Amino acid sequence: MEPSSTSADSLARQDGDEYDEIRMRVAPNPNGPWHIGHARMPAVIGTYKEMYDGWFCVRFDDTDPETKRPDLDAYDQIIEDIEYLGFDPDAVYRASDRMETYYDHARDLIEKGGAYTCSCPQGDFSDMKNSGEACPHRDKDAETTLSEFEAMVDGEYDSGEMVLRVRTDIEHKNPALRDWVAFRMIDTPHPREEASEYRCWPMLDFQSGVDDHLLDVTHIIRGIDLQDSAKRQRFVYDYFGWEYPEVLHWGHVQIDAFDVKMSTSTIKQLIDEGELDGWDDPRAPTVAAFRRRGIRGEAITDAMVELGTSTSDVDLAMSAVYSHNRDLIDDDANRYFFVRESGDNGDFGTVELPLAGDAPGEGTPPVHPEHEDRGRRSLPVDDAVVIESADLPEAGEKLWLKGYGPVEYDGSELRYTDDDIEVVREGEADVVHWVPAGEETVSVRLRTPEGDVTGYAEPAFAGTDADEMVQFVRVGFARVDGHGDDESVTYFAHE
RNA sequence: GCUCCGUUGGUGUAGUCCGGCCAAUCAUUUCGGCCUUUCGAGCCGAUGACCUGGGUUCAAAUCCCAGACGGAGCACCA
């Protein structure tokens, strides 16, 4: 599997020879578990690491204890999600552990004349900046700045009272680059115990820029929303005489198949309101939900890598993920019949039909059509079967009960016939799945992205193990979540 | 308002830097056929795209100009 897109691919390929080691980072904000869009970064970076025998770390950029407040559980969940996608980070860092490093670099920057403390109200500065005017603090000397910065570090200001700005070019034609904020005061303590005493926090552009250099990152991938970051950070790099890594910006990913908006805060809210059962609710577009549905991380990774690294926004078709996953699981997934009786969404129903004629006492479909050595299932038939209402033919028409045989519907009963499989070839009979009536069928709940579906599976289904992948014939692939006293619970993967 | 960036079939992508081998690659989707007591898979086939207009050139998806459309930034968020 190769990443297919030009820029990053050729970038890394060309540079593969120029660097001793390709070094990259995944830099998430741990403000919640991941939605599926987050999988793109580790998928692509991890794949590059494998292609070029490179290195990558996870660095939690958790420098905003307030607006993007970290979720303490998310740190570990994100690492688990990355492992599920198929990659092991070579190192894990937390920006909130590295505060003294950022302070030290800020002091250096101040001494080099690259920064000044500023107490302008936000709006006032913005107005001046937009008209290209320096604020009164801009020509402050390094000594004053240094002492005011130390006061910031010591927490002597409240939120909003003082910031440290990088001295860039106040007349730069791009207003986004003019004298941006490197450090600000935040009154809310960081949720991590180890970092809870800090009040003076670096902004992303400063923290991330310093870390990328200190970690010897050679290649950065990030979203187009950060396309000005490199330009901002270059001012700091220039003050320090550092060389900026190769950088690439890609667009947003949208997923075509979910009603739920793909945003951490939206999903969190739906969970809090009880609309979703949790982060792994199959209706949620989260990594955890995909995992519970039995979609292999590798399938997600492959689909993400195929998206490439275009700077325009892309739509990820779920069918691409599903297609990859089918390839991965089909061989292992044994077949079972499951008739759907009712669902939250969808028009399901079952019908029980007596058998007539010289009907056999058992159906014996293969466990897996490609693997005769796995044997055949046994569906003991007494005197009636249950099929899905949608499969009920017109009176006088025929059906082929899969793994059992040909029957003709007379309006009330299914009469076993001696038809040859020819009737199927000729299109006279549809092949349908079924379960025996009155026998030991298994009550099954199938949890899907469109809501739950309940019905009955054939007796042999009771012998499946939790976590096993099965294919409900003509319904789709599912992961067995567990067998309870009242019902078995399964999660729908895809058709 | 200022500043960036992008635009190849339904979706994603290759090709664009270094114009010709591109009547445009591969995957997915959809549809059809084959195979299989006929699910899925597999095999075969079909449908389907270079944003528009100019220009340069023997030759343009590829270079130049203009326009349209779309996205992003101008936060004491990441």
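Basis for what follows: all heavy atoms, side chains included, without hydrogens, waters or symmetry-related copies. Here is the naming used below: chain letters follow the sequence lines, and residue numbers restart at 1 for every chain. Not measured: the values here are computed from a predicted model.
For A/Arg335 against B/G40, a side-chain N or O and a base N or O form a donor-acceptor pair under 3.5 Å. No donor-acceptor contact under 3.5 Å links the side chain of A/Asp313 to the base of B/G71. For A/Gln227 and B/C5, a side-chain-to-base donor-acceptor distance below 3.5 Å is absent, hydrogens and geometry of angles not being considered.
Here A/Asp330 lies in heavy-atom contact (under 4.0 Å) with a base. The residue A/Leu316 sits apart from the nucleic acid: no heavy atom pair falls under 4.0 Å. Note on A/Arg326: only backbone sugar-phosphate atoms sit closer than 4.0 angstrom, heavy atoms only; bases stay farther off. Within the 4.0 angstrom heavy-atom criterion, only backbone atoms of the sugar-phosphate kind lie near A/Val314; the bases stay farther away. In this structure, A/Ser208 reaches neither bases nor backbone, as no heavy-atom distance under 4.0 Å exists between it and the strands shown. Across all strands shown, A/Val181 has heavy atoms under 4.0 Å from sugar-phosphate atoms exclusively, and none from any base. Using a 4.0 Å heavy-atom distance criterion, A/Phe125 is classed as making no nucleic acid contact. Note on A/Met162: nothing from the nucleic acid sits closer than 4.0 angstrom, heavy atoms only. Nucleic acid contact for A/Leu204: base, since at least one base atom lies under 4.0 Å from a heavy atom of the residue. Looking at heavy-atom distances under 4.0 Å, A/Ser126 makes contact with sugar-phosphate atoms alone, never a base. Across all strands, A/Gly251 comes closer than 4.0 Å to no nucleic acid atom at all (heavy-atom distances). In this structure, A/Cys118 reaches neither bases nor backbone, as no heavy-atom distance under 4.0 Å exists between it and the strands shown. Residue A/Lys68 is classed as a base contact, given a heavy-atom separation below 4.0 Å to a base.
Under a 4.0 Å N-O distance rule, the pair A/Arg178/A/Asp169 does not qualify as a salt bridge.
Nucleotide B/C31 forms a Watson-Crick or G-U wobble pair with B/G45, both donor-acceptor distances falling under 3.5 Å. Applying the Watson-Crick and G-U wobble criteria (two distances, each under 3.5 Å), B/A78 pairs with nothing in any strand. The partner of B/U7 is B/A68, by the rule that a Watson-Crick or G-U pair needs both atom distances under 3.5 Å. In a base pair of the Watson-Crick type (N1 to N3 plus N6-O4 or O6-N4) or a G-U wobble (N1-O2 and O6-N3), with each distance short of 3.5 Å, B/C17 is matched with no nucleotide. Nucleotide B/U56 forms a pair with no other nucleotide shown, judged by Watson-Crick or G-U wobble geometry with both contacts under 3.5 Å.
With distances taken from any side-chain atom of A/Arg425 to the nucleotides B/U36, B/C39, B/G40, the minimum falls on B/U36.
Rounded to whole angstrom, the span from the CD atom of A/Gln254 across to the P atom of B/G10 amounts to 17 Å. One can place CH2 of A/Trp400 at 15 Å from C1' of B/C39, the figure rounded to the nearest angstrom. A/His433 has its NE2 atom 20 Å from the P atom of B/U37, to the nearest Å.
Between A/Ser312 and the phosphate of B/C5, there is no side-chain N or O to OP1/OP2 separation shorter than 4.0 Å.
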